[in-house]
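One structure below.
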Amino acid sequence: MPRSIRITRSRKLATAVLVAAGSVTAIAATGGQSDAQPAAAKTSIAAEKVAGVSTAKEAAAKKAAQETAAKKAVAERKAAAEKAVADRKAEAKKSAEKARSEKQAANRSTERKAVAAPKQYKNNLDGWIRESLDIMKKKNIPGSYEGLHRNIMRESSGNPNAVNDWDINAQNGIPSKGLLQVIQPTFDAYHVNGTEKKLTDPVANITAAANYAADKYGSIDNVDSAY
């Protein structure tokens, strides 16, 4: 056979070998890709499951946080309401205590004024009669302003130092003295406690005479002449 023909057959053989080798490589590559696809799919599914679990946990945590915040808000509102009630009660108590304290202070002030400033009477016939009437009222001795004034004007003309030096009492050494012309023994027997123990003291003289008249005549109002 000629040389040129042998070379051509050798090339064909080599070409056939190369083609066969390429086919094997292609088959191998195709097989590798086929194996890799299920693994990738599994990895993707697992990742999705992990992501789902993570999302569920986040949602649960968010819900729990919201519930906690809601409970806290309710507790804060309740505490605020209770504090408001407590504050109102405390303010009411404080106001009541202040009012009570002010009332007590006012009462004490009134009592001090009553003690420090006794009733004042004028130092004249009107004042003496009015002071005597207040004492007589406390001692349950009857008598009126008119009855006292009428008898005083008849007996002494309103002179607290008047002295009768001519009647039988004067002759016996115990002259009648003062606004209602009282003798010393009568004054001593009917003297009203709380008044001066002086016969010519206007208030002491009036109250003693009114006390004597109440005992003998029922009241100084019933006396219209020497008694």
Under the side-chain contact (heavy atoms from CB on, under 4.5 Å) test, which residues partner [X], sequence neighbours left out?
| X | answer |
| --- | --- |
| Asp215 | Tyr190 |
| Ala170 | Asp167, Pro175 |
| Glu76 | Lys72 |
| Asp188 | Gln184 |

request  = Look only at the side chain of Asn222 and the backbone of Tyr217, and say whether a donor-acceptor pair between them is shorter than 3.5 Å.
outcome  = yes

message = Under a 3.5 Å distance rule, please check whether Asn151 uses its side chain to pair with a backbone N or O of Ile220 as donor and acceptor.
response = yes

Pairs of donor and acceptor atoms involving the side chains of residues 194-207, under 3.5 Å and at least two apart or interchain, shall be tabulated with distances.
unit_1	atom_1	unit_2	atom_2	d
Thr195	OG1	His191	NE2	3.1
Thr195	OG1	Val192	O	2.6
Asp201	OD2	Val203	N	3.3
Asp201	OD2	Ala204	N	2.9
Asn205	OD1	Leu179	N	3.4
Asn205	OD1	Leu180	N	2.9
Asn205	ND2	Lys177	O	3.1
Asn205	ND2	Leu199	O	2.9
Thr207	OG1	Val203	O	2.9
Thr207	OG1	Ala204	O	3.2

Members besides Ile174 in its Ile/Leu/Val/Met/Phe/Trp/Tyr cluster (side-chain heavy atoms under 4.5 Å) = Ile183

Salt bridge (Lys or Arg N to Asp or Glu O under 4.0 Å) partners for Arg154, two or more places apart = none

Please tabulate, for the side chains in residues 80-99, all donor-acceptor contacts under 3.5 angstrom to protein atoms that are two or more places apart in sequence or on a different chain.
unit_1	atom_1	unit_2	atom_2	d
Lys83	NZ	Asp87	OD2	3.1
Ser95	OG	Glu91	O	2.9

request  = Determine, using the 4.5 Å side-chain heavy-atom cutoff (strictly less than), whether Met153 and Val182 are members of one ILVMFWY cluster.
outcome  = yes

List, one per line, each side-chain donor-acceptor pair under 3.5 Å for residues 125-150, sequence neighbours excluded.
unit_1	atom_1	unit_2	atom_2	d
Asp126	OD1	Arg130	NE	3.1
Asp126	OD1	Arg130	NH2	3.4
Asp126	OD1	Tyr145	OH	2.7
Asp126	OD2	Arg130	NE	3.1
Trp128	NE1	Asn123	OD1	3.1
Ser132	OG	Trp128	O	2.8
Asp134	OD2	Lys119	NZ	3.1
Asp134	OD2	Tyr121	OH	2.4
Ser144	OG	Gly147	N	3.1
Ser144	OG	Asp221	OD1	3.0
Ser144	OG	Asp221	OD2	3.1
Glu146	OE2	Arg150	NE	2.9
Arg150	NH1	Val223	O	2.8
Arg150	NH1	Asp224	OD1	2.6
Arg150	NH2	Asp221	O	3.1

